[in-house]
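In what follows, a structure is listed as structure tokens, so that the remarks can point back to it.
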Amino acid sequence: MEEEGFFSHRLKLMVISLLVMVLLYKVLNMLWWRPRKIEQYFRKQGIKGPPYIFLIGNAKEIVSLMLKASSQPMPLSHNILPRVLSFYHHWRKIYGATFLMWFGATVRLTVSDPDLIREIFTSKSEFYEKNESHPLIKQLEGDGLLTLQGNKWAHHRKIITPIFHMENLKLLIPVAANSVSDMLDKWVAMSDSGEVEIEVSEWFQILTEDIITRTVFGSSYKDGKVIFQLQAQLMALTSEAFQKVFIPGYRLLPTRRNMKSWKLNKEVKKSLVNLIERRRRENCCNKTQDQVGGPKDLLGLMIRESWKEMEMDSNSSPSAKIMTVHDMVEECKTFFFAGEQTTSNLMTWATVLLAMHPKWQVLAREEVLQMCGARDVPSKDDIPKLKTLSMILNETLRLYPPIVATIRRAKADVELGGCKIPCGTELLIPILAVHHDQAIWGNDANEFNPARFSDGVARSANHRVAWIPFGLGIRTCIGQSLAILQAKLTLAIMLQRFSFTLAPHYQHAPTVLMLLYPQHGAPIIFRRLVDPMIDEDQGF
Ligand code: HEM
């Protein structure tokens, strides 16, 4: 008996030791042997990069390069790549444009050749997928269009697309113009002797919050506004956390900030569920309610679709896809995340650029005055005719794209530009670097020259895949027409009422924290144009 117990004890010990050894092998393989093997695999193909460091990869060097670059403002130049993507700029000089780098034990290959970018996003897109976001961002972005994959993504995209049809967006113009006018009236009220200094990035954020809220909630705008104000607080808290050095698992600890975030997150979800349930009940009593008048909104479309799907489901196929309340909640969060700060950043940089380049400001104002006069807000028919403004926005998105890079992951072993890429490799596409590449845009790649877009985007550079601020292929930005419409409307009304210059204490410091933003704000001096027709003639 005793002998039997002794053997079973030894057996247990052996099994435990074996399990520990297997675990150790797996950990070492993941954190050491596999990265080394991948490094060698790429080196044999002529692709090098900064060496992998156990566990952290190149994170320490990336953080230190980024901190050094953002420690001081830069001259008033648009050569912002060395400051904004300092690690990319640094290693590209050493290893060439295609190099390997490590985020922890995850390998990333940089790809900036437009032919290869086209392959990844369009001709061979079935071999690539979106990667998982940073855990902090994951809780903000919602499990909606941005992150969904496969059939569920295609189903949601089909339901949501009608919101962004031009005919629908045009219906938003009167309310959007009212919001812009209200904002500018406040600036006038704040101005002493016709002049006022405005931190535009803050004001534009409030403005875009408003239009996104209308796009998402439509007739439930007021309730939606309260919810999105909470979501905005959550986003500010996450930005703060994002600036701290990332410690794995830290976000799970009950710190004061984490607890506040959890509470806000819960409140947002609960309020969205309540709002959706209420609207469903209303629609149930009057299913046509959302169809009369007003633009289509995200919530209305999703609820209507879920009714249709439920009817279909009860009649026929039990496998029909149904959009659940949870799906709707996640899509609302996604829209706020994807649409709010991106658009306000575009408007901020466009205003800064027009303040830096008065010649283009005058040209843009002349066009607005010619199309709509000095007082009338631009109508749905005027907006497409504002060609100079379109060129200015395209050039702004080229030089200062709100999203400076994107990532795809190889779903299988693939070949790209003659290079063999193992399954799981992440590809980093530095949109900002493509947009500033002299080989693509010519010697004036770092100059502000909207005229390069005078014959349209397709002819602005020597490659058709050179301008990609909204991404490319089937996962291209669904909200781009809304963003451009809002930016055009806002700038047009602003140009009608004010001339503007950089505040003397403006510091040029583009930096990236999720999106590209002005590190020290964007203070602009606005001067009221009493009669823009006359002021224009006098050369303002
Ligand atoms: C200037 C403003 C904007 C910029 C620069 C921008 C940029 C982008 C980019 C680069 C992508 C593709 C990301 C990738 O492929 O990895 C994207 C996707 C997306 N954007 Fe935008 N965006 C803007 C405004 C908006 C607005 C206003 C909305 C919504 C109201 C929006 C909603 C989305 C959504 C839902 C996706 C995911 C589409 C999909 O995968 O099907 N964006 N955006």
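All ligand and atom numbering here is 1-based and tracks the order in the structure.
Listed by number with element, the atoms of ligand 1 under 4.0 angstrom from any heavy atom of Gly479 are 26 (C), 27 (C), 28 (C), 31 (C). Of all atoms in ligand 1, numbered sequentially from 1 with element shown, those under 4.0 Å from a heavy atom of Arg157 are 38 (C), 39 (C), 41 (O). When each atom of ligand 1 is checked for a heavy atom of Thr406 under 4.0 Å away, the hits are 14 (C), 16 (O). Each of the atoms 19 (C), 36 (C), 37 (C) of ligand 1 lies under 4.0 Å from some heavy atom of Leu146. Less than 4.0 angstrom separates some heavy atom of Gly471 from each of these atoms of ligand 1: 10 (C). For ligand 1, the atoms closer than 4.0 angstrom to any heavy atom of Arg408 are 14 (C), 15 (O), 16 (O). Each of the atoms 30 (C) of ligand 1 lies under 4.0 Å from some heavy atom of Ile212. Remark: ligand 1 atoms within the under-4.0 Å shell around heavy atoms of Trp153 are 39 (C), 40 (O), 41 (O).
No donor-acceptor pair under 3.5 Å is formed between the side chain of Thr425 and the backbone N or O of Ile421. The backbone N or O of Arg108 sits nowhere less than 3.5 Å from a side-chain atom of Glu426 that would complete a donor-acceptor pair. Between the side chain of Lys130 and the main chain of Gln149, no donor-acceptor pair closer than 3.5 Å is present.
The structure places OG1 of Thr511 at 4.5 Å from CD of Gln519, a figure rounded to the nearest 0.5 Å. Atom CG in Asp327 sits 9.5 Å away from atom CD1 in Ile276 (nearest 0.5 Å).
When the heavy atoms of Ala338, Ala483, Ala154 are ranked by distance to atom 25 (C) of ligand 1, first place goes to Ala338.
Leu234 has its side chain within reach of Ser261: a pair of non-hydrogen atoms, C-beta onward, lies under 4.5 Å apart.
Contact annotation: for Pro402 versus ligand 1, heavy atoms closer than 4.0 Å belong to the side chain alone. Proximity of Ile403 to ligand 1, defined as any heavy-atom pair under 4.0 Å, is confined to the side chain (atoms from C-beta onward). Only the side chain of Lys130 comes within 4.0 Å of ligand 1, counting heavy atoms alone; its backbone N, CA, C and O stay farther away. At a heavy-atom cutoff of 4.0 Å, ligand 1 is contacted by no atom of Ile468, backbone or side chain.
A tilted orientation is assigned to the rings of Phe453 and Trp441, their planes being inclined by 30° to 60°.
Side chain to side chain, Ser220 and Asp223 fail the donor-acceptor criterion of an N or O pair below 3.5 Å.
Note on ligand 1: Gln486 sits outside its first shell, no heavy atom being nearer than 4.0 Å. Ligand 1 lies out of reach of Glu340, whose nearest heavy atom is not under 4.0 Å from it.
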**OP:** Show your reasoning for whether ring-ring contact (aromatic ring centres under 6.0 Å, His included) applies to Phe121 and Phe127.
**Re:** CA-CA 9 Å; Phe121 286 89; Phe127 294 113; over 10 Å; no
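An N or O contact shorter than 3.5 Å is missing between Thr343 and ligand 1 by distance.
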